[in-house]
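In what follows, a single structure is set out as structure tokens and then discussed.
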Amino acid sequence: MSEKILLIDGHSILNRAFYGLPDLTNSEGKHTGAVYGFLNIMFRILEEEKPDYLTVAFDLHEPTFRHKLYDAYKGTRKGMPPELVEQVPLMREMLTAMGIKTVSMPGYEADDLLGTLARKSEQKGMEVTILSGDRDLLQLATDKVMIRLPKTSKGKTTIENFHTAEVLEKYQVTPPQIIELKALMGDSSDNIPGIPGVGEKTATKIIAQFGSIENAHEHLEEIKPNKAKESMREHYDLAVLSKTLATINTESPLEYSYEEARLGNLYTQQAYELCRRLEFKNLLGRFDAEAVPENTIEQNFFVCSELSGVEALFEKAARNSMAGIALIADKNNVYGLGIALEKEEVYYIPAEGLLSGEYLCEKLRKLGEATVISAMDIKMLLKHVESLEPERVFDLGIGAYLLNPLKSSYTYEDIAREYIGGISIPSREELLGKDTYEKAWEKSSENLGICACYQAFTAYAAREKTEAELKETGMWQVYTDIELPLVFTLDSMEKCGICVKGEELKAYGERLSVRIRELEKLIYEKAGEEFNINSPKQLGVILFEKMGISGGRKTKTGYSTAADILEKLAPEQPVVNDILEYRQLTKLKSTYADGLGAVIEEDGRIHSTFNQTITATGRISSTEPNLQNIPVRMELGRLIRKVFVPEDGCVFLDADYSQIELRVLAHMSGDEKLIQAYREAEDIHRLTASQVFHVPYDEVTDLQRRNAKAVNFGIVYGISSFGLSQDLSITRKEAAEYIEKYFETYPSIKVFLDRMVDEGKEKGYVSTMFGRRRPIPELKSGNFMQRSFGERVAMNSPIQGTAADIIKIAMNRVYERMLREGLQSRLVLQVHDELLIETKKDEVEAVSRILEEEMKGAARLAVELEIDMHQGESWYEAK
DNA sequence: ACGTTCACG
DNA sequence: ACGTACGTGAACGTT
């Protein structure tokens with residue numbers, strides 16, 4: 001069996017990965033997507049081919065001979081975007097760390113080196129594989145040299161393979177004749193001009209007939225299409241030049257040692273470190289345990305499992321000014337406790353025997369009275385430990401979130417790396433795999449204790465820098481005055497939950513089922529067959545192919561069947577209306593009727609989780625279930641709110657801010673006209689319409705008001721004429737005119753939005769009134785789409801974020817004041833601009849006053865904050 | 001695991 | 001020429 005060598009066209013694959021993948025960055029903002037993509041495809045090929053040798057070839061940056069030739073002829077090469085340029089050294093560093101041979105040479109392109117190595121290896125009797133994104137390399141294919149070209153179609157990467165036979169089949173010419181083809185048809189991606197007027201078809205015909213451009217030129221008169229003949233006559237020099245450009249030099253004087261290229265262990269310590277630094281988390285799993293470096297912190301973890309020792313430990317902890325705490329627990333059970341008293345003094349106490357979970361939590365409660373408890377997630381701690389105080393806790397998760405709200409999760413190992421001088425420690429996933437704490441506990445995994453210790457260590461050691469950075473960035477106030485108190489407010493809401501009438505929910509679901517079955521029958525009849533209506537793929541085929549509705553593709557995977565598309569395409573098709581109704585009802589059934597029913601707990605209530613570290617703008621999110629997207633716009637869906645009821649002796653009080661975002665905009669922009677508008681008018685959209693369209697307030701038509709309202713929304717979202725045109729079903733030109741008129745009416749708003757974008761570009765982030773930041777790396781992107789997105793985000797985030805800050809402040813004040821006044825009413829829900837309070841009947845007046853005062857008084861703006869408040873026997877009634 | 005759709009602000 | 005409104009989460013089908 002002959003040996004195998006894999007040759008990779010470095011820049012070409014990196015380039016492909018860069019454009020094929022979204023612009024990944026690690027938490028420091030370093031661009032890493034191309035490197036990641038490169039590694040993925042490389043690993044895939046390595047697993048398939050299992051070569052003995054591996055080499056990656058790179059171009060050097062100086063112009064090569066072949067390009068000089070062309071540059072002299074015309075123009076220059078296209079530059080790479082800086083996001084890609086900065087990844088080239090990173091890529092080489094990674095390959096070096098993996099012990100992979102890389103080659104490059106002044107005056108030669110990667111192509112030339114690949115060609116040279118391919119020929120040389122073939123002569124040695126090896127099987128050669130070249131991985132590249134460049135079809136130019138097909139000229140190198142033989143029976144022993146396979147060219148592999150990755151292709152992305154429909155979001156999936158497939159690889160096309162070419163030996164001589166496949167080249168012949170696909171291009172009707174031999175691999176060396178690929179050069180001749182290119183000489184005629186050119187290649188814009190390689191800056192090969194070719195000759196004008198000759199494309200793929202003609203070029204193939206000519207080369208198939210004559211074999212080479214020289215021969216074709218000799219038989220000029222025989223060239224078939226007249227156009228090609230004349231072009232050849234006139235531009236033969238271009239063809240010759242193109243041929244030179246397209247020819248890969250297979251005899252470059254490259255010094256090369258096969259031994260250096262022999263494939264060894266890629267999973268080295270250095271590679272591990274680098275993957276960690278770049279945050280290629282799912283590559284880390286590939287590394288063997290030996291490659292995982294020794295821990296860079298001094299290991300001093302102690303297991304403490306005797307009562308006397310634990311008592312002593314807590315006494316010692318109480319004398320400390322701070323303790324790092326990792327309570328290993330889920331919602332219901334406590335499995336153990338990690339405590340860090342010093343960086344080098346970390347303990348683990350498994351919860352068993354006398355040292356029960358309850359015992360440990362009681363100890364923690366006491367400790368919390370004496371010292372500051374620093375932990376990754378204080379709200380989780382509050383589920384098990386009563387009566388901690390904001391003054392004596394530090395929430396690292398929230399600190400890390402404020403410092404960078406863009407991350408999808410806040411794990412202790414990331415926080416350790418960022419806020420404890422770049423150290424790397426094993427993650428929970430590395431220690432426990434995908435096991436939950438409960439599973440690891442059952443397995444009596446020793447790693448559970450280690451995990452607890454690392455987490456406690458992090459909670460202890462990362463506090464200082466996290467706190468310092470919050471202060472440096474001006475976010476300390478946001479942390480102490482808004483987020484930290486909110487932990488307690490949300491904890492109370494979660495514990496309280498909201499009462500849901502399970503029986504009625506079930507009955508509602510059954511009513512839906514009846515109609516759903518009717519609709520199914522109707523749809524199958526009209527379609528002439530049974531199929532899965534919930535499958536966009538099958539539905540697309542039925543509608544657009546079988547029923548012949550015209551309209552185009554939209555998505556990568558097929559036809560779009562989204563409601564707005566269907567409505568536009570075939571409003572008169574009765575089946576379309578059935579499908580839309582079917583969709584609506586199945587959504588209500590599965591997500592709400594069934595979904596909510598499944599999460600009602602024994603107390604008859606739903607205890608959603610309110611997450612404080614998810615959104616980029618500072619809003620809260622709600623999960624398991626999401627209570628922030630319960631239907632309201634359509635009556636049928638809105639009925640679900642009837643099953644959300646107050647407990648006996650209570651009513652619901654619901655208060656929502658009136659257009660808080662627009663009011664925030666009025667304040668932040670200082671636009672006098674908008675501020676004035678709010679001072680005089682009941683109906684801001686009507687007044688906007690009157691000012692924008694220059695008609696008296698009382699003569700504004702419904703259409704004008706609707707348009708003005710859409711523009712008001714659009715402004716808040718970071719307006720674009722396209723978005724507005726979609727929303728209003730008008731042309732972009734009309735939309736642009738509306739926007740222009742709007743900005744003429746409220747000039748300071750335009751100034752403000754422009755300022756946000758400029759500020760975002762200059763600083764890399766934008767801020768709310770209270771100092772909360774949102775980084776916007778997209779603003780620096782070379783990609784128009786991404787950059788435009790960044791611009792809209794820069795306009796929207798300060799507004800949405802400030803509104804989020806305000807309602808958080810209001811929530812805290814409402815919560816604290818109800819406690820302080822000894823009321824028994826409870827805050828149960830927040831839906832971005834709305835608070836729902838389960839109010840004791842004799843406290844209605846007091847709570848109304850509190851809501852009114854605290855919500856309106858949460859911030860002093862240039863316009864009043866107004867609220868709408870209602871009372872009811874269900875959420876439906878109270879809204 | 002990912003994309004599509006759709007519910008909310 | 002590109003192909004978008006901002007921010008979420010859940011269910012489902014497809015890979």
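For the numbers below, each heavy atom of this structure counts, side chains included, while hydrogens, waters and symmetry mates do not. Because the structure is a prediction, the values reported are computed rather than measured. Numbered from 1 within each chain, the chains take letters A, B, ... in sequence-line order.
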Inset, instruction - Using Watson-Crick or G-U wobble pairs with both distances under 3.5 Å, give me DNA chain C in dot-bracket, 5' to 3', with [ ] for crossers and | for pairs to another strand. - result: .....|||||||||.

Legend entry - Neighbours of DNA chain B within residues 576-588 of chain A, by heavy-atom distance under 4.0 Å: A:R583, A:Q584, A:K587

Inset, instruction - Answer with base, sugar-phosphate or nothing: what part of the nucleic acid does A:N629 contact at a heavy-atom distance below 4.0 Å? - result: base

Inset, instruction - Report which part of the nucleic acid A:A803 touches: base, sugar-phosphate, or nothing (heavy-atom distance under 4.0 Å, all strands). - result: nothing

Legend entry - Nearest-neighbour nucleotide for the A:T623 side chain, B:dG9, B:dC6, C:dA10 considered: C:dA10

Inset, instruction - Please list residues of residues 535-542 of chain A whose heavy atoms come under 4.0 Å from any atom in DNA chain C, ordered by number; otherwise none. - result: A:S535, A:K537, A:Q538

Legend entry - Side-chain heavy atoms of A:F752 within contact of A:D671, under 4.5 Å: no

Inset, instruction - Report yes if the side chains of A:Q584 and A:M634 come closer than 4.5 Å at any heavy-atom pair, otherwise no. - result: yes

Inset, instruction - Please tell me which of A:D594 and A:P405 maps to the more 5' nucleotide of DNA chain C, matching each residue to the nucleotide holding its nearest heavy atom. - result: A:P405

Inset, instruction - Quote, to the nearest angstrom, the C1' distance that separates B:dC8 from C:dG3. - result: 26 Å

Legend entry - Integer angstrom distance from the P of C:dT4 to that of B:dG3: 14 Å

Inset, instruction - Apply side chain to side chain contact (heavy atoms under 4.5 Å, CB included) to A:A708 and list each qualifying residue two or more places apart in sequence or on a separate chain. - result: A:T688, A:A689

Inset, instruction - Verify the distance criterion only: is there a donor paired with an acceptor across the side chains of A:Q800 and A:T617 at less than 3.5 Å? - result: yes

Legend entry - Pair A:Y742 + A:Y738: ring centers closer than 6.0 Å: no

Inset, instruction - Determine: side-chain N/O of A:T561 to OP1/OP2 of B:dT5, distance under 4.0 Å, yes or no. - result: yes

Legend entry - Phosphate contact (C:dA11 OP1 or OP2) by A:N534 side-chain N/O below 4.0 Å: no

Taking only nitrogen or oxygen atoms into account, show me every contact under 3.5 Å that the protein makes with nucleotides 3-7 of chain C, one pair per line with its distance.
residue : atom : partner : partner atom : Å
C:dT4   : O2   : A:R792  : NH1          : 2.6
C:dA5   : O3'  : A:R792  : NE           : 3.1
C:dA5   : N6   : A:A710  : O            : 3.4
C:dC6   : OP1  : A:R792  : NE           : 3.0
C:dC6   : OP1  : A:R792  : NH2          : 3.1
C:dC6   : O4'  : A:Y717  : O            : 3.2
C:dC6   : O2   : A:Q800  : NE2          : 3.3
C:dG7   : OP1  : A:R774  : NH1          : 2.9
C:dG7   : OP1  : A:R774  : NH2          : 3.2
C:dG7   : O4'  : A:Q800  : OE1          : 3.3
C:dG7   : O4'  : A:Q800  : NE2          : 3.2

Inset, instruction - Cation-pi check, A:R774 to A:Y765: give yes when NZ or CZ is under 6.0 Å from the six-membered ring centre and within 45° of the ring axis, no otherwise. - result: no

Inset, instruction - Name all pairs fulfilling the salt bridge (charged side-chain N to carboxylate O under 4.0 Å, His left out) condition that reach into residues 792-809 of chain A, sequence neighbours left out, sorted by first residue then second. - result: A:E483-A:K808, A:R772-A:D805

Legend entry - NZ/NE/NH1/NH2 to OD/OE distance under 4.0 Å, A:K741 and A:E737: no

Inset, instruction - With rounding to the nearest 0.5 Å, note down the distance linking NZ in A:K589 to OH in A:Y508. - result: 11.0 Å

